[in-house]
Amino acid sequence: MPNIEENLANVGARIRAAENKFARRANSVQLIAVSKTKPLSLVQQAIAAGQKVFGESYTQEAIEKKNALKDETIEWHFIGPIQSNKTRPLAENFDWIHSVDRLKIAQRLNEQRPKALGPINILLQVNISEEETKAGVAMNELQTLIESVLQMSSLKLRGLMAIPAKSIEPDEQRSAFHRMSLLLAELNEKYEISMDCLSMGMSNDLEAAVAEGATFVRIGTDIFGAREYK
Ligand SMILES: *Cc1c(COP(=O)(O)O)cnc(C)c1O
(Lines give C-alpha, C1' and ligand atoms only; values in the text may rest on other atoms or scores of the structure.)
Protein backbone atom coordinates (compact mmCIF):
# COMPACT_ATOMS: atom_id res chain seq x y z
CA MET A 1 0.00 0.00 0.00
CA PRO A 2 1.36 3.43 -0.83
CA ASN A 3 1.86 5.91 1.99
CA ILE A 4 -0.47 8.59 0.67
CA GLU A 5 0.38 11.21 3.25
CA GLU A 6 4.10 10.89 2.57
CA ASN A 7 3.57 10.84 -1.21
CA LEU A 8 1.43 13.97 -1.08
CA ALA A 9 4.06 15.72 1.01
CA ASN A 10 6.75 14.74 -1.50
CA VAL A 11 4.76 15.89 -4.51
CA GLY A 12 3.87 19.13 -2.72
CA ALA A 13 7.55 19.70 -1.99
CA ARG A 14 8.46 19.08 -5.66
CA ILE A 15 5.88 21.64 -6.76
CA ARG A 16 7.11 24.26 -4.26
CA ALA A 17 10.75 23.59 -5.22
CA ALA A 18 9.92 23.98 -8.93
CA GLU A 19 8.01 27.21 -8.28
CA ASN A 20 11.07 28.51 -6.50
CA LYS A 21 13.59 27.28 -9.06
CA PHE A 22 11.69 28.68 -12.05
CA ALA A 23 10.72 31.99 -10.44
CA ARG A 24 7.04 31.17 -10.27
CA ARG A 25 4.96 32.90 -7.62
CA ALA A 26 4.69 30.78 -4.43
CA ASN A 27 1.56 28.60 -4.43
CA SER A 28 0.63 29.56 -7.99
CA VAL A 29 0.54 25.88 -9.01
CA GLN A 30 -2.34 23.77 -7.72
CA LEU A 31 -2.10 20.02 -7.27
CA ILE A 32 -4.89 17.87 -8.68
CA ALA A 33 -4.65 14.38 -7.15
CA VAL A 34 -5.62 11.98 -9.95
CA SER A 35 -7.38 9.07 -8.25
CA LYS A 36 -8.75 7.23 -11.31
CA THR A 37 -8.89 3.44 -10.91
CA LYS A 38 -7.87 3.79 -7.25
CA PRO A 39 -10.14 2.73 -4.37
CA LEU A 40 -12.15 5.10 -2.23
CA SER A 41 -10.02 4.20 0.79
CA LEU A 42 -6.97 5.82 -0.83
CA VAL A 43 -8.96 8.94 -1.71
CA GLN A 44 -10.04 9.10 1.92
CA GLN A 45 -6.42 8.89 3.03
CA ALA A 46 -5.57 11.77 0.75
CA ILE A 47 -8.44 13.81 2.18
CA ALA A 48 -7.24 13.01 5.70
CA ALA A 49 -3.83 14.36 4.67
CA GLY A 50 -5.45 17.63 3.58
CA GLN A 51 -5.93 17.16 -0.18
CA LYS A 52 -9.16 18.73 -1.45
CA VAL A 53 -8.79 18.76 -5.24
CA PHE A 54 -9.20 15.50 -7.16
CA GLY A 55 -9.15 14.48 -10.81
CA GLU A 56 -11.02 11.54 -12.32
CA SER A 57 -11.19 10.16 -15.85
CA TYR A 58 -14.12 7.73 -15.84
CA THR A 59 -17.58 9.17 -15.30
CA GLN A 60 -19.25 6.30 -13.45
CA GLU A 61 -16.32 5.69 -11.14
CA ALA A 62 -16.00 9.39 -10.43
CA ILE A 63 -19.65 9.83 -9.51
CA GLU A 64 -19.59 6.82 -7.21
CA LYS A 65 -16.65 8.35 -5.34
CA LYS A 66 -18.26 11.77 -5.27
CA ASN A 67 -21.48 10.36 -3.81
CA ALA A 68 -19.58 8.37 -1.19
CA LEU A 69 -17.72 11.55 -0.16
CA LYS A 70 -20.61 14.00 -0.28
CA ASP A 71 -19.99 15.18 3.30
CA GLU A 72 -16.51 16.40 2.36
CA THR A 73 -15.73 19.71 0.65
CA ILE A 74 -13.95 18.53 -2.47
CA GLU A 75 -13.38 20.14 -5.83
CA TRP A 76 -13.85 17.54 -8.60
CA HIS A 77 -12.07 17.87 -11.93
CA PHE A 78 -12.94 15.68 -14.90
CA ILE A 79 -9.83 15.05 -17.02
CA GLY A 80 -10.74 12.04 -19.16
CA PRO A 81 -12.02 11.50 -22.70
CA ILE A 82 -15.66 12.56 -23.12
CA GLN A 83 -18.27 10.61 -25.08
CA SER A 84 -21.05 12.84 -26.32
CA ASN A 85 -23.79 10.63 -24.85
CA LYS A 86 -22.19 10.90 -21.38
CA THR A 87 -22.09 14.66 -20.97
CA ARG A 88 -25.12 15.06 -18.67
CA PRO A 89 -23.61 13.43 -15.55
CA LEU A 90 -20.48 15.52 -16.13
CA ALA A 91 -22.49 18.75 -16.40
CA GLU A 92 -24.36 17.86 -13.22
CA ASN A 93 -21.48 16.65 -11.06
CA PHE A 94 -18.23 18.42 -11.85
CA ASP A 95 -16.78 21.81 -10.96
CA TRP A 96 -14.22 21.65 -13.74
CA ILE A 97 -13.86 19.82 -17.07
CA HIS A 98 -10.36 19.81 -18.58
CA SER A 99 -11.01 17.72 -21.67
CA VAL A 100 -13.45 19.63 -23.87
CA ASP A 101 -12.14 19.16 -27.40
CA ARG A 102 -15.05 19.58 -29.77
CA LEU A 103 -18.09 21.70 -30.38
CA LYS A 104 -20.68 19.00 -29.78
CA ILE A 105 -19.34 18.35 -26.27
CA ALA A 106 -19.30 22.05 -25.44
CA GLN A 107 -22.86 22.51 -26.71
CA ARG A 108 -24.18 19.58 -24.70
CA LEU A 109 -22.42 20.63 -21.49
CA ASN A 110 -23.79 24.15 -21.96
CA GLU A 111 -27.35 22.88 -22.43
CA GLN A 112 -27.18 20.31 -19.64
CA ARG A 113 -25.46 22.36 -16.95
CA PRO A 114 -28.08 22.94 -14.21
CA LYS A 115 -28.59 26.71 -13.97
CA ALA A 116 -28.61 26.53 -10.16
CA LEU A 117 -24.98 25.36 -10.15
CA GLY A 118 -23.74 28.36 -12.14
CA PRO A 119 -21.40 28.11 -15.13
CA ILE A 120 -19.05 25.12 -15.23
CA ASN A 121 -15.31 25.81 -15.50
CA ILE A 122 -14.00 24.58 -18.84
CA LEU A 123 -10.53 23.99 -20.21
CA LEU A 124 -10.03 23.15 -23.87
CA GLN A 125 -7.79 20.16 -24.46
CA VAL A 126 -5.27 20.96 -27.17
CA ASN A 127 -3.42 18.38 -29.25
CA ILE A 128 -0.22 20.34 -28.76
CA SER A 129 2.10 17.66 -30.13
CA GLU A 130 -0.20 17.25 -33.16
CA GLU A 131 -0.31 13.49 -32.77
CA GLU A 132 -2.83 11.90 -35.10
CA THR A 133 -4.26 9.46 -32.62
CA LYS A 134 -4.38 11.78 -29.63
CA ALA A 135 -7.35 13.49 -28.04
CA GLY A 136 -7.52 17.24 -28.13
CA VAL A 137 -8.62 19.86 -30.58
CA ALA A 138 -6.27 20.29 -33.54
CA MET A 139 -4.42 23.58 -33.57
CA ASN A 140 -6.18 24.74 -36.75
CA GLU A 141 -9.62 24.13 -35.19
CA LEU A 142 -8.97 25.73 -31.84
CA GLN A 143 -10.04 29.26 -32.72
CA THR A 144 -13.41 28.20 -34.13
CA LEU A 145 -14.06 26.20 -30.97
CA ILE A 146 -13.13 29.12 -28.72
CA GLU A 147 -15.36 31.51 -30.62
CA SER A 148 -18.31 29.18 -30.05
CA VAL A 149 -17.53 28.47 -26.40
CA LEU A 150 -17.32 32.19 -25.65
CA GLN A 151 -20.99 32.47 -26.66
CA MET A 152 -22.14 29.79 -24.21
CA SER A 153 -23.47 31.26 -20.98
CA SER A 154 -23.26 28.10 -18.86
CA LEU A 155 -19.59 27.53 -19.70
CA LYS A 156 -16.82 29.58 -18.15
CA LEU A 157 -13.72 29.28 -20.32
CA ARG A 158 -10.76 29.18 -17.94
CA GLY A 159 -7.87 27.94 -20.05
CA LEU A 160 -6.13 25.13 -21.86
CA MET A 161 -5.08 21.58 -21.08
CA ALA A 162 -2.65 19.24 -22.83
CA ILE A 163 -1.07 15.82 -22.59
CA PRO A 164 2.02 16.22 -24.80
CA ALA A 165 3.77 13.32 -26.52
CA LYS A 166 5.73 11.36 -23.92
CA SER A 167 9.35 12.31 -23.53
CA ILE A 168 11.95 11.78 -20.83
CA GLU A 169 14.06 14.60 -22.22
CA PRO A 170 13.46 17.75 -20.08
CA ASP A 171 14.08 20.15 -22.97
CA GLU A 172 11.55 18.33 -25.16
CA GLN A 173 9.04 18.24 -22.32
CA ARG A 174 9.47 21.97 -21.86
CA SER A 175 9.09 22.82 -25.52
CA ALA A 176 5.52 21.47 -25.75
CA PHE A 177 4.56 23.19 -22.49
CA HIS A 178 6.18 26.38 -23.71
CA ARG A 179 3.99 26.33 -26.82
CA MET A 180 0.95 26.00 -24.53
CA SER A 181 1.97 29.10 -22.59
CA LEU A 182 2.45 31.11 -25.77
CA LEU A 183 -0.87 29.88 -27.12
CA LEU A 184 -2.74 30.94 -23.98
CA ALA A 185 -1.22 34.42 -24.13
CA GLU A 186 -1.97 34.80 -27.85
CA LEU A 187 -5.58 33.74 -27.44
CA ASN A 188 -6.11 36.02 -24.47
CA GLU A 189 -4.83 38.92 -26.50
CA LYS A 190 -6.71 38.08 -29.66
CA TYR A 191 -10.09 37.63 -27.96
CA GLU A 192 -9.54 40.16 -25.17
CA ILE A 193 -10.26 37.52 -22.55
CA SER A 194 -8.38 36.44 -19.45
CA MET A 195 -8.06 32.69 -19.39
CA ASP A 196 -6.00 32.05 -16.27
CA CYS A 197 -5.41 28.29 -16.23
CA LEU A 198 -2.92 25.95 -17.84
CA SER A 199 -3.48 22.31 -16.93
CA MET A 200 -0.28 20.48 -17.77
CA GLY A 201 2.25 18.25 -16.07
CA MET A 202 1.90 14.70 -14.75
CA SER A 203 4.11 12.55 -12.52
CA ASN A 204 6.93 12.38 -15.07
CA ASP A 205 6.99 15.96 -16.30
CA LEU A 206 5.76 18.02 -13.37
CA GLU A 207 8.89 20.19 -13.14
CA ALA A 208 8.95 20.98 -16.88
CA ALA A 209 5.29 22.02 -16.72
CA VAL A 210 5.84 24.29 -13.70
CA ALA A 211 8.84 25.84 -15.45
CA GLU A 212 6.60 26.78 -18.39
CA GLY A 213 3.65 28.19 -16.50
CA ALA A 214 1.34 25.34 -15.42
CA THR A 215 -1.31 26.43 -12.92
CA PHE A 216 -2.70 22.90 -12.43
CA VAL A 217 -0.56 19.77 -12.38
CA ARG A 218 -2.40 16.44 -12.56
CA ILE A 219 -0.56 13.82 -10.53
CA GLY A 220 -1.68 10.21 -10.18
CA THR A 221 1.12 7.65 -10.00
CA ASP A 222 3.40 9.58 -7.65
CA ILE A 223 0.59 9.93 -5.11
CA PHE A 224 -1.44 6.73 -5.41
CA GLY A 225 1.08 4.32 -6.98
CA ALA A 226 1.16 2.72 -10.42
CA ARG A 227 -2.17 1.82 -12.01
CA GLU A 228 -2.81 -1.83 -12.86
CA TYR A 229 -5.14 -1.18 -15.74
CA LYS A 230 -6.52 1.63 -17.92
C1 LIG B 1 -4.06 9.50 -15.53
C2 LIG B 1 -3.89 10.92 -15.91
C3 LIG B 1 -2.99 11.74 -15.22
C4 LIG B 1 -2.06 11.25 -14.12
O5 LIG B 1 -0.92 10.71 -14.70
P6 LIG B 1 0.31 10.13 -13.82
O7 LIG B 1 1.37 9.91 -14.82
O8 LIG B 1 -0.18 8.89 -13.18
O9 LIG B 1 0.67 11.18 -12.82
C10 LIG B 1 -2.93 13.07 -15.59
N11 LIG B 1 -3.70 13.57 -16.57
C12 LIG B 1 -4.58 12.81 -17.26
C13 LIG B 1 -5.41 13.43 -18.32
C14 LIG B 1 -4.70 11.46 -16.94
O15 LIG B 1 -5.57 10.72 -17.63
Side-chain angles (χ1 to χ4, degrees), residues 1-4 6-15 17-18 29-40 42-43 45-46 49 51 53-63 65-66 74-83 86-87 90 93-102 105 109 121-129 131 133-137 158-170 172-174 176-177 180 197-230:
M1 274 287 139
N3 182 333
I4 303 294
E6 188 177 298
N7 291 351
L8 274 170
N10 288 338
V11 169
R14 278 171 67 192
I15 294 172
V29 181
Q30 248 205 324
L31 170 61
I32 300 177
V34 177
S35 44
K36 66 176 185 223
T37 81
K38 295 296 179 179
L40 186 64
L42 294 189
V43 178
Q45 287 178 37
Q51 181 67 24
V53 182
F54 289 86
E56 287 280 342
S57 298
Y58 305 100
T59 310
Q60 188 58 32
E61 177 191 347
I63 290 171
K65 284 177 183 157
K66 181 173 183 251
I74 294 174
E75 189 176 276
W76 291 99
H77 292 245
F78 191 81
I79 62 175
I82 305 177
Q83 292 166 266
K86 299 254 179 72
T87 49
L90 299 181
N93 283 284
F94 282 85
D95 305 302
W96 291 78
I97 312 245
H98 292 226
S99 41
V100 175
D101 66 353
R102 55 199 192 275
I105 300 296
L109 291 170
N121 294 296
I122 292 292
L123 307 186
L124 300 180
Q125 183 174 351
V126 180
N127 188 354
I128 194 71
S129 304
E131 293 175 282
T133 55
K134 272 292 170 66
V137 58
R158 295 295 300 271
L160 305 176
M161 179 273 230
I163 311 171
K166 274 205 179 56
S167 168
I168 51 161
E169 191 19 68
E172 270 176 40
Q173 292 176 345
R174 281 186 66 163
F177 294 139
M180 289 290 289
C197 298
L198 273 177
S199 169
M200 54 191 201
M202 312 188 352
S203 294
N204 289 327
D205 53 15
L206 180 164
E207 283 79 6
V210 172
E212 297 296 344
T215 64
F216 285 122
V217 290
R218 309 177 308 266
I219 308 297
T221 306
D222 285 358
I223 297 171
F224 296 108
R227 288 175 296 275
E228 284 165 26
Y229 64 102
K230 297 190 199 174

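Computed from a prediction, not measured in an experiment: that's the story for all the values here. Note that ligands are numbered from 1 as they come in the structure, with each ligand's atoms numbered from 1 the same way.
Taking the six-membered ring for Trp and thresholds of 30 and 60 degrees, F224 and F54 have ring planes inclined between 30 and 60 degrees apart. Taking the six-membered ring for Trp and thresholds of 30 and 60 degrees, H98 and F216 have ring planes inclined between 30 and 60 degrees apart.
For the pair W96 and C197, the minimum side-chain heavy-atom distance is below 4.5 Å.
Applying the side-chain contact (heavy atoms from CB on, under 4.5 Å) test to E6 and every residue at least two apart in sequence or in another chain returns N3, N10.
In the model, Q30 has no side-chain atom that pairs as donor or acceptor with a side-chain atom of T215 under 3.5 Å.
When the options L198, L124, L123 are evaluated for a side-chain contact (heavy atoms from CB on, under 4.5 Å) with R158, the one that passes is L123.
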Check ligand 1 for N or O atoms under 3.5 Å from a protein N or O and list each pair with its distance.
{"unit_1": "ligand 1", "atom_1": "8 (O)", "unit_2": "T221", "atom_2": "N", "d": "2.8"}
{"unit_1": "ligand 1", "atom_1": "8 (O)", "unit_2": "T221", "atom_2": "OG1", "d": "2.5"}
{"unit_1": "ligand 1", "atom_1": "8 (O)", "unit_2": "R227", "atom_2": "NH1", "d": "2.8"}
{"unit_1": "ligand 1", "atom_1": "8 (O)", "unit_2": "R227", "atom_2": "NH2", "d": "3.1"}
{"unit_1": "ligand 1", "atom_1": "9 (O)", "unit_2": "S203", "atom_2": "N", "d": "3.0"}
{"unit_1": "ligand 1", "atom_1": "9 (O)", "unit_2": "S203", "atom_2": "OG", "d": "2.5"}
{"unit_1": "ligand 1", "atom_1": "9 (O)", "unit_2": "G220", "atom_2": "N", "d": "2.8"}
{"unit_1": "ligand 1", "atom_1": "11 (N)", "unit_2": "R218", "atom_2": "NE", "d": "2.8"}
{"unit_1": "ligand 1", "atom_1": "15 (O)", "unit_2": "K36", "atom_2": "NZ", "d": "2.6"}

